[in-house]
Asker: 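Below: one structure in C-alpha cells.
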Amino acid sequence: MSETMSQLLRMLSMSEIEVLGESVFCDDEIGLTWKHVDRLPDEAQMNRLSTRNETVLRALAMIEEHDQTRSDEGERAELHRLEGKLDLALELLAEVVGERHASTPTYPVRFNARGLCWECPEEIPVGALLSMECYVLPPWPLPLKVHVRIQAVEPRGRKWWVCGRIEGLFGGAKEWL
C-alpha cells in the first residue's frame, strides 16, 4: 500500500472504511434529498433505475468533458466555435433549470460507487433504508437516484455523520460512478 493511501486511510473513520472500503472516493458538497422507504423496489424497477443512473452519469460526463486541443485548421476551428456555442447554451439552460432546484440543500459528502457518508442535520437510525437523490454536478439538476442502507451514525457537534451502503447499483452505473 502506498504511503499516500496509508495517510488517507488514517484520516477516515472506521465507519467510512467499512462503507467506502479502501478505494478511491470523492469529497464534495452536493445536493441531497432523501426519504425513508420500507424496502427496495422490485428487480425490474431496480434495472430501470440503474439504467437511468448510467444515462445520467454518461450525460454529466459529456457535459463536463472539454476538448482542450487547439488547431488552426478551418474545419477544426469551426467545430470549436460550434462547441463553444453549445457550451454557452447548456450553461444558460443550467442557470434557468437550476433556479427551480435552488432549494435542494447541499451537504458535505464523501462517496464512491460503494456508498456515501454525509453531514446530516438529523439522526437517521442504523439499518434504515433511504431513497436518495444525489445532485453530483450542482449546476445540473440531474440527480442520481439510489437506495442507501445506513450502516453507521456518529454525532458531530449538533449534526450527525451518516454512512450508508448503496444498494442495487450495478453494471454501467456502478462503473461510471
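Residue indices begin at 1 and follow the sequence shown.
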Asker: What I'd like to find out is whether the side chain of V148 reaches to under 4.5 Å of the side chain of W34, using heavy atoms alone.
Answerer: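 Answer no - side chains too far apart.
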Asker: Testing the basics here: between I124 and C120, what is the closest heavy-atom pair and its distance to 0.1 Å?
Answerer: CD1-SG, 3.9 Å
Asker: Which atom names give the shortest non-hydrogen contact between V37 and S131, and what distance separates them?
Answerer: CG1-CB, 3.8 Å
Asker: Who pairs with C163 by disulfide (SG to SG under 2.5 Å), at least two apart in sequence or on another chain?
Answerer: C117
Asker: State, yes or no, whether a side-chain contact exists between L49 and H147 at a heavy-atom distance under 4.5 Å.
Answerer: yes
Asker: Side chain to side chain donor-acceptor pair (under 3.5 Å): which pairs involve residues 117-130, sequence neighbours left out?
Answerer: none
Asker: Identify the two heavy atoms, one from G168 and one from M46, that lie closest to each other, and give their separation to 0.1 Å.
Answerer: CA-CE, 3.2 Å
Asker: Can you run down the side chain to side chain donor-acceptor pair (under 3.5 Å) pairs that involve residues 149-167, sequence neighbours left out, and say none if there aren't any?
Answerer: S15-E154, E16-W161, R149-E167
Asker: Looking at every non-hydrogen atom in both residues, tell me the closest pair between I30 and C134 and how far apart they are.
Answerer: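 Closest approach of I30 to C134: CD1-CB, 4.2 Å.
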Asker: Does T106 have any side chain to side chain contact (heavy atoms under 4.5 Å, CB included) partners at least two apart in sequence or in another chain, and if so, which?
Answerer: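 So T106 forms a side chain to side chain contact (heavy atoms under 4.5 Å, CB included) with E29.
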Asker: L144 and V56: which non-hydrogen atoms are nearest, and at how many Å?
Answerer: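 What the structure gives for the nearest pair is CD2-CG1, 4.2 Å.
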Asker: Rounded at 0.5 Å granularity, tell me how far CG in L32 sits from CD in E133.
Answerer: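 The distance works out to 10.0 Å.
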Asker: Taking N53 for its side chain and K145 for its backbone only, find out whether a donor-acceptor pair lies under 3.5 Å.
Answerer: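 Looks like yes, one N/O pair under 3.5 Å.
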Asker: Does one hydrophobic cluster hold both L130 and Y107, with members joined at side-chain heavy-atom distances below 4.5 Å?
Answerer: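 Same cluster.
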Asker: Where is the tightest heavy-atom contact between N112 and F25, given as atom of each residue plus distance?
Answerer: CB-CA, 4.0 Å
Asker: Determine which pairs satisfy side chain to side chain donor-acceptor pair (under 3.5 Å) with at least one residue from residues 38-50, sequence neighbours left out, and list them in order.
Answerer: none
Asker: Working to the nearest 0.5 Å, report the span between CZ of R110 and CG of L116.
Answerer: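 It comes to 12.0 Å.
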